[in-house]
Amino acid sequence: MLRIPCPWCGTRDEVEFRYRGDATRSRPAAERALEELTRYVYSRENPLGWHLEWWLHVGGCRRLLKIERHTLSHEIRWVGAPDAMPPAGKAS
Amino acid sequence: MMRSPMPSPPRSSAPASGPERTSSGRYSLWRLLREGLAGQRGWSHAWAKAAPRPRYRVVVVGGGGHGLATAYYLAAAHGISDVAVLERGPLGLGNVARNTTIIRSNYFQPDNVRFYELSLKLWESLEHTLNFNAMVSQRGALNLFHTEAQRDLFTRRANLMRLEGVDAEALSREAVKALVPLVDLDNGRYPVLGGFLQPRGGTVRHDAVAWGYARGASEAGVDIVEHCAVTGIRHEGGRVTGVETARGFVAADTVCLAVAGHSSELARMAGFELPIETHVLQAFVTEGLKPVLDVVLTYGAGHFYISQSDKGGLVFGGAIDGYNTYGQRGTLPMVEEVTAAAVTLLPALARVKVLRQWGGVMDMTMDGSPIISKTPLAGLILNGGWCYGGFKAIPAGGFTTAHLIAHGTPHPVAAHLDLARFAAGRMVDERGAGPFPWLH
Amino acid sequence: MRKTPVSGPESAITLATCPVDIVELAAFRERASDLARLAARRDIVLAGPGATAAHSGRLTLSVRPDRWLLLMPPAAPGASAEHCRQLCEGSAAAVDLSSALAAFLLTGPTVPEMLARACRLDLETRAFPAGRAAATILVQVPAILAQLAAGTLLLTPTTTARHLHEWLVETARPFGLALAPDATVSALCAEAST
Amino acid sequence: MTGPARIAQGLLTDPARPLAFRFDGAQLQGLAGDTLASALLANGRRLVGRSFKYHRPRGIVTAGCEEPCALVDLVDAAGGEPNRLATTLALHEGLVAVSQNRWPSLELDLLAVNDLLGRFLPAGFYYKTFMAPGWAWERVYEPLIRRAAGLGRLEARVTDHAAPAEIVHDHADVLVVGAGSAGLAAAAALGAAGLRVLLADQDVVPGGGTLLDARWSDWREEMCRRISALPAVRALARTTVLGAYGHGVFAALETLTPGERARFGGLRERLRIVRARRVLFACGASERLIAFPGNDVPGVMLAGAALGYLRRYGVAVGLRPAFFLNNDEAYEAVFALAEARVRAAAVIDSRPGAVAARRAQEAGIEVITDAVVTRVLGRRSVRAVRVAARNGSTRCVDADCLLMSGGHSPITSLACQLGARLEWHDGIAAFTADPPLAVGRAAGAARGIYGLAAAALDGATAARALAAELGRTVPPLPAGPVPPSDRDATPVAPLWEVRAPGKAFVDLQNDVTADDVRLACREGYEHVEHMKRFTTCGMATDQGRIGGVAAAAVLAEARGAPLPEVGQVKPRPFAEPVPFAALAGGEVRGHFKPKRRLPLHEWHERAGATFVNTGLWLRPLVYTQAAGWDAVLDEARAVRRSVGITDVSTLGKIDVQGPDAARFLDFVYANTFSTLAVGRARYGIMLREDGLLFDDGTTSRLGPTHFLVTTTTANSAAALEHLEFHQQSVCRNLDVLLTDVCDQWAQFAVAGPHAREVVALVVGDLDLTNAAFPFMAVAEARIAGIAGRLFRISFSGELAYELAVPAGAARTAWEAVLAAGRRYGIRPYGLDALNTLRIEKGHVTTAELNGNTTADDLGFQRMLKKSGDFIGRALATRPGLTAPDRLQLVGVRPVDRAHRLRNGMHLVAPGSPTASLGYVTSSTPSVELEGWVGLALLAGGRQRIGTRLLGTSPIHDESTEVEVVSPHMLDAENTRVRS
């Protein structure tokens with residue numbers, strides 16, 4: 001069971017959160033090519049390894065968190081606000 | 001007389017190529033008795049343990065249900081036996097060994113009904129096709145409903161199935177109770193209003209499916225290479241040329257990926273991304289009991305389905321955990337959710353003990369339906385994206401993937417499962433959940 | 001060898017309903033300090049993150065960044081919210097939640113032990129001392145917990161409040177449960193840490 | 001007397017409290033403190049069950065949760081419990097147990113014929129036969145196999161209340177698993193360091209191995225005393241850690257004492273979910289069997305179990321035991337029994353010599369070294385054993401039981417679940433597994449440190465390391481009783497199997513023999529996981545605890561590979577079988593999901609409403625308990641003809657405020673809200689980013705920077721999350737705040753030609769004329785004197801208003817409307833009537849907004865704004881979403897007005913009656929039109945308006961001709977809503 005360190009609420013059980021998927025892409029504006037939006041909506045890196053992802057703390061502060069988690073060990077090594085990025089050099 | 005007739009694909013009579021292999025011989029009651037008198041010493045390997053050769057016409061990556069079935073049908077139905085199945089570990093220990101063994105063809109999308117119905121028909125003749133008893137048990141798959149909205153959806157589905165010539169029946173509350181005395185129709189929260197039964201649905205001994213296809217493929221000349229991890233996909237001028245493996249480069253005209261759960265990792269080696277996320281689906285088994293449940297039962301007010309294996313254990317499962325993971329293990333919140341649904345619907349289970357939980361990792365696609373398709377890399381075929389419906393699809397998945405490889409064009413019942421559907425907006429979305437794999 | 005047996009019925013739990021008006025103040029972008037200044041002018045202390053504060057018969061607690069719940073004595077429907085709206089002077093949204101949240105007060109030394117039957121937070125005194133507040137989920141419904149000198153305050157959505165209340169009554173029974181008369185806001189504020 | 005074999009005072013049994021119990025009908029007596037197994041053994045009962053496949057007689061093999069054979073069905077008033085382990089089942093007065101898997105009786109079991117046919121029924125025989133004829137599997141073979149398989153019996157009956165159950169959430173700095181010498185020493189040290197410790201032990205009392213050695217009692221008592229004195233250490237007996245789930249989370253099952261059980265309403269066990277910063281595995285090692293022919297005859301037991309029965313319960317498992325062993329630890333049982341005047345018939349030690357063997361010989365016990373047992377004589381009980389020495393000599397030793405020990409395996413399953421890798425150690429002939437340091441450590445026998453003193457020292461050392469990692473120091477501890485030092489020992493010599501004619505079992509519960517393992521290997525199932533699955537070895541309730549390594553060793557030999565390379569099967573939760581009830585906790589049946597009640601729930605109840613579950617909500621469906629359409633149509637008719645009122649409080653309501661509120665709504669909705677005037681409402685649709693419809697609802701502008709969004713009931717939680725997600729990600733630069741106000745506001749629709757007059761009576765000083773308050777107007781209003789809001793919006797297609805008041809004042813407002821409407825015959829109407837009204841009008845709900853429809857499909861194409869970005873804009877233009885043959889919303893009516901429609905009915909062309917063109921989503925008898933009306937999603941539907949199709953419902957055997965019409969079957973010009 002994941003225990004997610006929410007910066008606002010402290011460490012909480014995963015059941016308080018709603019997963020919102022891959023956080024590596026930012027949404028292209030609609031004027032951009034259809035292809036880019038298609039990629040944004042459908043295409044996933046889906047790595048076996050470190051994964052940057054969204055979790056919405058619906059059972060707590062209702063804040064959106066950006067989390068870097070390992071998809072095999074489930075270790076969480078970074079949590080930040082939506083506009084933050086994990087420290088460089090930890091990208092892979 | 002539940003089985004509907006389906007001609008089994010012709011078996012290749014071409015002599016086996018590659019290393020000399022000892023056949024495991026034909027299985028039968030008489031042979032079993034004969035071997036019994038001889039101390040069961042006359043059996044040999046069910047499938048030959050092959051070493052990879054430098055090149056094949058087709059390399060199938062992944063020795064699971066779909067990979068082995070694809071190889072089997074390539075050889076048996078299309079006469080293409082210059083095939084290797086490369087498996088990174090021992091064969092058949094991925095999702096084919098980690099599911100809840102259910103087969104059925106009750107789907108909402110007409111194209112899906114046709115595809116899974118082909119699979120059901122192939123299941124019905126499987127032991128004869130393979131001369132391996134995988135214990136296909138058509139005991140019926142029963143979906144309960146608890147609201148009128150749910151009844152309407154299931155009515156729509158059952159009517160569609162009937163239009164397509166597939167069996168489906170509506171059951172009253174009383175009929176549900178008669179079929180499954182364990183059910184508490186009122187259950188305190190979401191009373192059972194009725195059920196929909198597919199009598200031809202049921203279960204199959206999952207491991208035996210992998211072993212049976214492996215044996216069949218091996219006898220038809222396919223090289224089954226275990227402990228041979230693929231580490232790279234080589235291509236030239238936009239066309240695949242072979243795979244790098246832990247045991248050297250293996251050249252191939254066609255490479256087929258059948259590694260559901262890990263499709264994204266292999267696609268990355270080939271240089272593209274997929275509309276897939278990997279999620280874990282859990283399953284559980286109880287201690288053995290004398291027969292107490294005779295159908296595959298699905299709860300409609302929570303994520304829970306259950307059947308009883310021939311050994312007596314109740315096999316059950318629930319929903320995916322809902323976040324990307326490659327961890328093939330069970331987690332705790334799902335235990336609570338699934339068992340709560342179990343005790344609510346079947347209160348007599350309260351004192352029955354759960355033995356084990358485990359998890360399998362699924363390719364969850366963006367519309368909840370699988371992918372059998374050509375890919376951006378010519379010569380690379382994808383069989384994946386099985387979500388949590390991969391097991392029941394093994395025969396049809398292998399059959400139609402073999403067709404795509406052999407003919408270069410999709411089999412008509414699998415044409416809707418192409419990769420291009422996402423960009424084109426032709427999603428095959430059973431639940432209408434949209435591009436959120438964790439909701440499917 | 002259980003050295004700390006589940007406490008006996010002599011250490012009873014009391015459960016009271018709290019008739020209160022509740023208004024949420026949510027500061028607009030970068031206006032939290034304006035709001036704090038305006039609130040202070042009216043003798044309202046805005047609690048820090050995950051904390052409660054009591055002043056002049058009002059209790060505030062904060063379980064969401066830049067949002068505060070104000071608990072005050074009940075007035076005519078909408079009146080408390082209107083009062084708060086004026087107080088904010090546009091620095092914050094003042095949203096009436098008086099009818100959206102039900103408030104219960106639990107007292108007794110075994111309350112953390114009882115709540116541990118649903119609460120996934122560590123309510124042990126060192127981990128959740130008086131003055132702390134947190135939003136979480138209890139028996140599948142949202143709940144805000146605040147540790148006050150007067151006891152453990154529980155706020156929960158009204159449409160599922162009966163579900164939670166029934167659970168509390170059932171679960172507290174083996175610990176010895178007494179239903180207490182309504183607790184007022186001033187009772188909640190009593191000796192609360194600031 | 002409590003049994004002929006009770007020869008001494010047990011540590012746990014109370015001779016003053018005899019308990020009566022029944023086994024297979026026989027009335028027997030045991031003592032308080034006994035397990036069913038110890039009581040049966042005390043009574044000299046050997047035969048307790050029949051084996052799974054061969055129906056061979058089986059007895060008790062172990063003294064704990066690793067028991068493979070002594071499974072019984074418990075019978076009691078509550079319906080009983082199948083497959084209880086006699087070895088862990090606490091005896092209580094009046095306990096009734098029956099043996100399993102035998103017919104007609106335990107003594108005479110006809111299916112024992114399987115044992116004689118065993119040569120024809122090797123592992124996996126069923127894969128090779130039963131294939132013809134095709135129909136026979138389900139009809140003949142499978143029913144036979146199913147009946148023969150399975151163990152316990154479950155009564156399929158439905159009880160009227162849920163079994164009590166609860167889940168408790170725990171937190172600790174360190175979870176110590178196991179309270180043997182290592183665990184006790186560690187917990188005392190960690191507690192002294194000021195850490196919060198949870199010490200969990202599965203036994204009924206702490207002590208582990210120290211309970212079996214009288215010399216350790218002082219030390220044990222001192223440690224327990226110290227632990228009790230530490231407030232931060234909680235010690236839980238009868239608590240098994242079931243599984244490790246990462247992030248410091250563990251599940252543990254606590255069995256309640258009778259006293260606690262009475263207090264908690266009959267609760268039998270509670271599941272504890274423990275969150276710990278570190279874990280210490282001090283869970284010991286378990287003894288292993290040796291595979292030899294007849295190693296399953298009742299009376300063949302683990303040596304350690306015999307020691308346990310003697311020390312714990314004062315029971316001698318036999319009076320003339322033979323021993324077969326390969327390690328010095330097992331001699332403890334030899335010595336202890338000898339001390340209790342149960343002399344060994346002989347000790348057969350596979351090693352050429354050993355320290356312990358010499359000690360035994362010095363004590364006058366016969367030790368046959370360098371020898372093995374090749375056969376057990378006796379079928380229902382051991383009579384004698386045949387011994388073969390390495391030098392070729394054989395002899396027969398008369399004995400009434402055979403106590404075996406194949407060495408010990410550290411218990412590593414929890415560590416392995418956390419990613420620890422198995423490592424082989426020749427010195428102990430066993431695997432160990434060290435958890436990652438960030439997770440915790442193992443200590444004592446759990447990591448192969450045998451000997452109580454060595455383990456205690458190891459536990460204390462591990463505790464110091466853990467304390468340091470957590471920033472604490474273990475202070476110098478007071479000197480306590482000096483524990484006895486461990487005896488010298490000769491290392492174990494691996495011995496897995498004695499190859500001789502006959503069935504030598506490696507899995508006693510699933511009846512898997514060493515020959516089965518070899519057969520698997522011969523057939524190519526040579527990976528340990530394949531072997532497991534082919535033979536079912538290790539898949540029974542005991543998970544192969546005592547025979548798993550032996551099976552792997554047999555496989556290794558057959559493969560010609562070293563055992564460490566073959567490895568073991570991967571351990572999975574749960575450490576012991578757990579009842580469903582315990583895992584599920586209390587949120588079952590009536591509490592399975594919360595019930596969400598309307599503010600006026602009690603009013604609706606008193607008004608006689610039938611309630612319907614929609615998600616969590618309980619909503620009034622119709623105000624009668626009678627079935628049928630009459631009442632529904634009466635309610636709907638009241639709305640069409642006069643006036644009705646309905647409770648729409650379930651709609652999601654989101655308060656949106658901020659300078660950028662309008663910009664935000666323009667982005668999340670497909671239509672425009674920035675142009676909406678204050679005091680006006682607009683119907684809006686939200687798309688998902690993939691271009692399909694997500695939700696719809698009315699949004700009102702209450703002020704320049706203040707909006708109120710409503711969502712559908714079904715999507716209210718998802719819509720809030722959807723908006724919050726976008727507000728905090730894509731739109732994070734916008735200054736806008738979202739607040740869920742669903743529960744704050746009660747909302748009622750007052751609809752019908754007389755709605756204006758009724759509403760005017762309850763709304764003070766608001767001009768409701770069309771000019772002042774037209775369709776889609778919104779205003780703050782005093783409703784029956786309460787500060788509320790008034791919306792002129794309509795779902796029914798009639799002149800309608802929605803009134804919103806704080807939920808606490810709902811009753812006042814609702815009753816005021818009823819009073820005002822009395823003269824017009826106002827009726828409350830439920831969900832069914834609401835549905836009838838909206839279908840006639842062609843309004844959609846979640847039946848049509850089903851996640852697969854586009855704006856265009858439902859006729860909303862004109863609402864999509866032409867400029868500006870919004871969610872779903874781009875992808876909605878994909879060819880698949882704009883194809884002319886998509887399913888589009890239409891109305892349908894049976895041509896024969898006497899025929900009915902059904903939801904889920906398909907539409908087909910008369911010429912091709914099996915090709916579905918679409919389906920009916922919603923249907924109802926009509927109030928305003930003759931007969932039934934329905935909404936349907938139909939391929940190229942708009943083009944088909946005016947044509948006729950066949951509506952067919954094969955599962956009902958129904959078919960009827962329908963005409964395709966516009967979905968707006970009533971008042972397409974909207975004159976009523978604007979009247």
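Excluded from the calculations below are hydrogen atoms, water molecules and symmetry mates; all remaining heavy atoms, backbone and side chain alike, are included. Letters A, B, ... are given to chains in the order of the sequence lines, protein chains preceding strands, and every chain is numbered from 1.
The residue among D:F534, D:Y525, D:F130 with the most heavy atom pairs within less than 4.5 Å of chain B is D:Y525. Considering only heavy-atom pairs separated by less than 4.5 Å from chain D, the leading option among B:L91, B:L32, B:L332, B:T331 is B:L332. Most heavy-atom pairs under 4.5 Å with chain D, from the set B:R426, B:R329, B:R205: that is B:R205. Considering only heavy-atom pairs separated by less than 4.5 Å from chain B, the leading option among D:G851, D:P573, D:P82, D:P143 is D:P573. Top candidate by heavy-atom pairs under 4.5 Å with chain B, chosen from D:A582, D:G586, D:A132, D:G590, is D:G590. When the candidates B:G165, B:A134, B:A97, B:G89 are compared by the number of heavy-atom contacts under 4.5 Å with chain D, B:A97 comes out ahead. Between chain B and the options D:H591, D:E689, D:M539, the largest number of non-hydrogen pairs under 4.5 Å is found for D:M539. Among the candidates B:V292, B:T339, B:L29, B:V180, the residue making the largest number of heavy-atom pairs closer than 4.5 Å to chain D is B:T339. Taking chain B as the reference chain and counting heavy-atom pairs below 4.5 Å, the highest number among D:V578, D:L71, D:L121, D:V588 is found for D:V578. For chain B, the option among D:V249, D:L881, D:N613 with the highest count of heavy-atom pairs below 4.5 Å is D:N613. Ranked by non-hydrogen atom pairs under 4.5 Å with chain D, the options B:L185, B:V338, B:V352, B:L182 are led by B:V352.
Residue contact with chain B, scored on non-hydrogen atoms closer than 4.5 Å, involves the backbone and the side chain of D:L151 alike. Neither the backbone nor the side chain of B:E35 comes within contact range of chain D; no heavy atoms are under 4.5 Å apart. When heavy atoms are compared at a cutoff of 4.5 Å, B:N187 approaches chain D solely by way of its backbone atoms N, CA, C and O. Contacts of B:P110 with chain D are absent, with no heavy-atom separation under 4.5 Å from either backbone or side chain. For B:A433, the part sitting under 4.5 Å from any heavy atom of chain D is the backbone (N, CA, C, O) and nothing else. At a 4.5 Å heavy-atom cutoff, the contact between B:A423 and chain D is made by backbone atoms alone. Looking at B:D294, the atoms closer than 4.5 Å to chain D (heavy atoms on both sides) sit in the backbone and in the side chain alike. Proximity to chain D (any heavy atom under 4.5 Å) is shown, for B:L37, by both the backbone and the side chain. Looking at B:L93, only its side chain comes within 4.5 Å of chain D, counting heavy atoms on both sides. Proximity to chain B is absent for every atom of D:A847, based on heavy atoms less than 4.5 angstrom apart. Using a 4.5 Å cut-off between heavy atoms, B:F154 makes no contact with chain D at all. Heavy atoms of B:K49 lying under 4.5 Å from chain D belong exclusively to its side chain. Contacts between B:Q150 and chain D at a heavy-atom distance below 4.5 Å are absent for every atom of the residue. Heavy atoms closer than 4.5 Å to chain D are found in the backbone of B:V183, but not in its side chain. Both the backbone and the side chain of B:R41 come within contact range of chain D, each with at least one heavy atom under 4.5 Å from a heavy atom of that chain. Using a 4.5 Å cut-off between heavy atoms, B:L345 does not touch chain D at all.
Contact check for D:H530 versus B:W211: side-chain heavy atoms found under the 4.5 Å cut-off. Inter-residue side-chain proximity for D:R589 and B:D184 is flagged as met; some heavy-atom pair is nearer than 4.5 Å. Between B:W43 and D:L519 the shortest side-chain heavy-atom distance falls below 4.5 Å. Contact check for B:R162 versus D:I955: side-chain heavy atoms found under the 4.5 Å cut-off. Proximity of B:M427 to D:R878: side-chain heavy atoms (C-beta onward) are separated by under 4.5 Å at one or more points. Taking the side chain as every heavy atom from C-beta outward, D:R146 and B:Q308 approach each other to under 4.5 Å. Side-chain atoms of B:V335 and D:F574, non-hydrogen and from C-beta on, do get closer than 4.5 Å to each other. For the pair D:T129 and B:W30, the minimum side-chain heavy-atom distance is 4.5 Å or more.
No side-chain donor-acceptor contact under 3.5 Å links B:R356 to the backbone of D:R572. Here the side chain of B:Y190 pairs a donor or acceptor atom with the backbone of D:G615 at under 3.5 angstrom. Distance alone, capped at 3.5 Å, is enough to place a donor-acceptor pair between the D:E138 side chain and the B:Q138 backbone. Of the possible polar contacts, one joining the D:N83 side chain to the B:G288 backbone as a donor-acceptor pair under 3.5 Å is found. In terms of modelled atom types and a separation under 3.5 Å, the side chain of D:K128 and the main chain of B:F132 share no donor-acceptor contact. Judged by distance alone, the side chain of D:Q543 and the main-chain N or O of B:L355 form a donor-acceptor pair under 3.5 Å. Between the side chain of B:N133 and the backbone N or O of D:M131, no donor-acceptor pair lies under 3.5 Å.
For the atom pair CG (B:D310) and CD (D:E142), the distance works out to 4.0 Å, reported to the nearest 0.5 Å. Remark: B:R34 CZ to D:F120 CZ distance equals 12.0 Å, nearest 0.5 Å. The distance from the OG1 atom of D:T914 to the CD atom of B:E164 is 7.0 Å, given to the nearest 0.5 Å. We find the CZ-CZ distance between D:R84 and B:R351 to be 7.0 Å, quoted to the nearest 0.5 Å. Note that the CG atom of B:N159 and the CG atom of D:N903 stand 11.0 Å from one another [nearest 0.5 Å].
Ring geometry for D:F580 versus B:F316: interplanar angle of 30 to 60°, hence tilted.
When all heavy atoms are compared, the tightest approach of B:A350 to D:A163 is CB-CB, 4.1 Å.
Both tests hold for B:R156 against D:Y919: distance to the six-membered ring centre under 6.0 Å, angle to the ring axis within 45°.
The neighbour count for D:R153 CZ, taken as heavy atoms of other residues, nucleotides or ligands under 6.0 Å away, does not exceed 12.
Salt bridge present: B:K353 and D:E81 bring a charged side-chain N and a carboxylate O closer than 4.0 Å.
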